Amino acid sequence: LWNTVSLRRHLIAQFEQIFTGFYQRALVLLRKRANPTDSVSFNANLVFDSEVEIILESLVDLLGLHEPGHGHASADAGALVALFATYDCDMTRSDVASELVVELCRCCGGVINDEGDVMLGVFPKPKPNDEGNTDLPLASKNASSGASSEEVQIEYWRQVPAHLKELCAEALVGCMKCLFENQDGDKSAVMLDDIAKECKSSGDEGCSVRSLHSRKRLMRKAARLFNEKSKKGIECLVSSGLVSDPITPMDVALFLRNGLVVGLDKAAVGIYLGELGKAAEAGKSPPIWERDWFHKEVLIAYCSLFRFEGQPLLDGLRMFLAAFRLPGEAQQIDRIIQAFADSCGRKCDESARLKLFSDTPERASDPAFLLSFSIIMLTTDLHNKNIREDRKMSLEAFIRNNTNYGQDITEPGKELPRDFLTSIYESIKEEAIRTEADGAEGAITVERWKDVLRGSTDESAPPEAVLTTYDDALVKELVIENLWMPIVSVIGSFWGVVGIDEDALEATASSKAGEGNPNAMLGVQGARLGMDMAIDLLLGVLNMGRLDIFREIFSCVCFYTGLLGEYNLDAVDRTWSFVNSVEAQSAVIAVMKTAKAAGDKIGVEGWKQVWALLFELRDLKLLCGGKYGILKESDPDFLREDARRDWTMYLAKGGFSGSSDKADK
């Protein structure tokens with residue numbers, strides 16, 4: 001399906017939900033699977049692993065569509081590049097490509113923060129907190145009282161099975177092959193969002209795929225600030241130029257409606273929608289977005305962004321409440337539901353087709369408001385475990401309360417039918433109105449899916465995507481800029497590296513490979529995977545021409561050898577650690593192969609690190625070719641054994657240090 005361009009351009013929203021709600025969610029569940037405690041949970045894990053294995057195999061095939069002959073829709077570009085251009089550079093879509101790679105890296109053992117753009121596999125040195133304790137890396141924290149819920153669960157979750165971790169690594173290798181093949185800067189046909197179309201038609205050279213992605217990163221920053229305090233988030237929108245200045249209520253409404261894909265919290269959205277705002281006061285001039293009239297217009301504009309036509313009020317209410325979380329204050333709930341009733345009351349089936357509400361739009365909102373509020377109360381009543389069964393609202397009570405709202409609201413002949421109210425009661429009893437997290441961390445509800453489908457088929461809105469061209473090399477650079485750190489973190493995890501600061505290097509050197517890191521794979525398997533990924537990544541980035549990123553990766557791999565830094569261990573222990581670590585030896589091989597291929601492109605600092613590695617190997621007597629030597633003659637010696645010994649003694653006594661005549665002799 002993804003290969004079919006004509007189909008893909010009409011299923012942008014559907015593919016997004018497949019990648020986020022299926023593949024990413026499967027990866028999240030894989031790394032957060034609980035350790036088995038009995039035979040039942042053990043067998044459940046076996047069944048789960050077999051299902052995830054099939055999912056991962058399909059993901060590996062999808063990310064490997066770059067290979068020639070597969071007829072990929074975007075010509076020379078791979079699936080990862082097409083995903084990045086289609087979703088990660090679209091302000092209204094999730095970061096499908098980045099989040100998918102980040103989850104793969106986490107399953108492989110990489111330690112990455114929530115933003116996914118900072119590598120934590122290279123742990124910083126622990127710093128003392130106010131109580132004198134040290135803040136340890138996430139993977140080593142125990143369930144302390146001050147730890148977050150995710151940190152507390154670290155020891156509760158099992159390690160990803162080795163065969164599934166290998167599949168995740170294979171998917172990452174397929175991603176890198178997509179990036180580093182056919183690096184000739186050709187134009188590749190992909191689907192960009194409508195913003196790119198407008199920029200291309202207007203001839204604005206500054207508006208490109210890179211600028212679109214940068215704007216989306218600013219939008220994500222604004223969402224994080226908004227989750228902390230709405231004022232900070234809106235200020236960031238204005239100062240970053242993401243919205244017009246002065247800001248309008250529709251700008252904020254669009255941010256609240258589309259910001260979920262960049263991390264906007266549903267609870268924060270509900271709180272802002274329910275806020276009353278500040279009234280005008282003499283001598284005070286609060287920002288426009290804090291005024292009461294501004295909040296009111298934002299709520300009206302937000303409700304107008306939903307498509308309530310052609311569906312019952314109950315379905316519209318489910319769809320509306322699936323987009324945010326209702327606040328806890330009754331007055332805030334009242335304001336939100338009133339705005340919903342004003343928008344939905346004159347568009348829903350009860351008004352347009354069934355004629356149950358007043359023909360006057362202003363009066364149609366009154367029964368819609370009372371019925372909506374009654375449905376919310378019914379949901380709370382029927383699905384609250386703290387309410388006894390004999391005290392829950394009965395069907396007859398619900399019908400009695402909603403059949404007739406009085407002559408001021410219910411017009412003669414427009415009483416709500418018993419069958420209509422019974423269907424609402426049974427629907428709520430069977431399934432409560434829910435607000436779930438979107439994306440990989442949550443499960444998409446039926447109502448949220450309907451909202452997605454209605455938004456994807458909105459003919460009045462601009463087209464979501466358009467088949468156009470972009471600079472293939474530019475998009476690949478953007479992918480590398482965003483994803484090289486998580487991949488390097490995975491490489492370090494495969495090699496069992498604790499970190500690259502002095503304390504971590506000492507801890508790595510003093511333990512046998514893999515024992516100090518629960519994420520390390522078993523011996524040769526992890527060493528080989530790490531070496532292949534490191535060499536492919538280094539040479540690929542080098543051929544791409546990004547020397548700045550190449551040198552940073554090269555520096556990390558040099559430190560992953562465990563031979564750099566200051567140690568408190570003696571030479572014997574350091575030698576024993578290196579010769580018994582196939583992971584450290586693989587890192588050295590990766591460094592030397594890259595240095596040979598890159599030459600001066602590794603830079604002065606890179607060569608300093610290479611020579612530091614050689615000097616450390618010399619000091620540890622690992623270059624002499626003896627029992628533990630790693631450098632040996634590959635060609636047969638032309639000298640006899642006694643002649644070689646005499647020549648070595650001659651050099652040791654200062655050969656060539658005398659006159660030229662003696663040297664000639």
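Side chains included, hydrogens not; waters and symmetry mates left out as well; all remaining heavy atoms used. Quantities reported herein were computed from a predicted structural model and do not represent experimental measurements.
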Check: Asn258 side chain, Thr92 main-chain N or O, donor-acceptor pair, under 3.5 Å: no
Can you name the residues that form a salt bridge (charged side-chain N to carboxylate O under 4.0 Å, His left out) with Glu426, not counting sequence neighbours? none
Nearest heavy-atom pair of Leu30 and Arg158: which atoms, and what distance? CD1-NH2, 4.0 Å
Phe48, CZ atom: more than 12 neighbouring heavy atoms under 6.0 Å: yes
Is there a donor-acceptor contact under 3.5 Å from the side chain of Ser489 to the main chain of Met485? no
Donor-acceptor pair, distance only, cut-off 3.5 Å: does the side chain of Lys392 make one with the backbone of Asp381? yes
Tell me whether Lys429 contacts the main-chain N or O of His383 through its side chain, where contact means a donor paired with an acceptor under 3.5 Å. no
Which atom pairs, donor and acceptor, lie under 3.5 Å between side-chain atoms of residues 532-539 and protein residues at least two apart or in another chain?
residue, atom, partner, partner atom, Å
Asp532, OD1, Arg528, NE, 3.2
Asp532, OD2, Arg528, NE, 3.2

Which pair of heavy atoms, one from Asp95 and one from Gln24, lies closest together, and at what distance? O-NE2, 4.5 Å
With a cut-off of under 6.0 Å to the ring centre and 45° to the axis, is Arg257 in cation-pi contact with Phe324? no
Run the numbers on Ser98 and Asp88 for side-chain hydrogen bond (donor to acceptor under 3.5 Å, both in side chains), then give the verdict. CA-CA 7 Å; Ser98 299; Asp88 294 43; 2.7 Å; yes
Pairs satisfying salt bridge (Lys or Arg N to Asp or Glu O under 4.0 Å), at least one member in residues 484-495, at least two apart: none
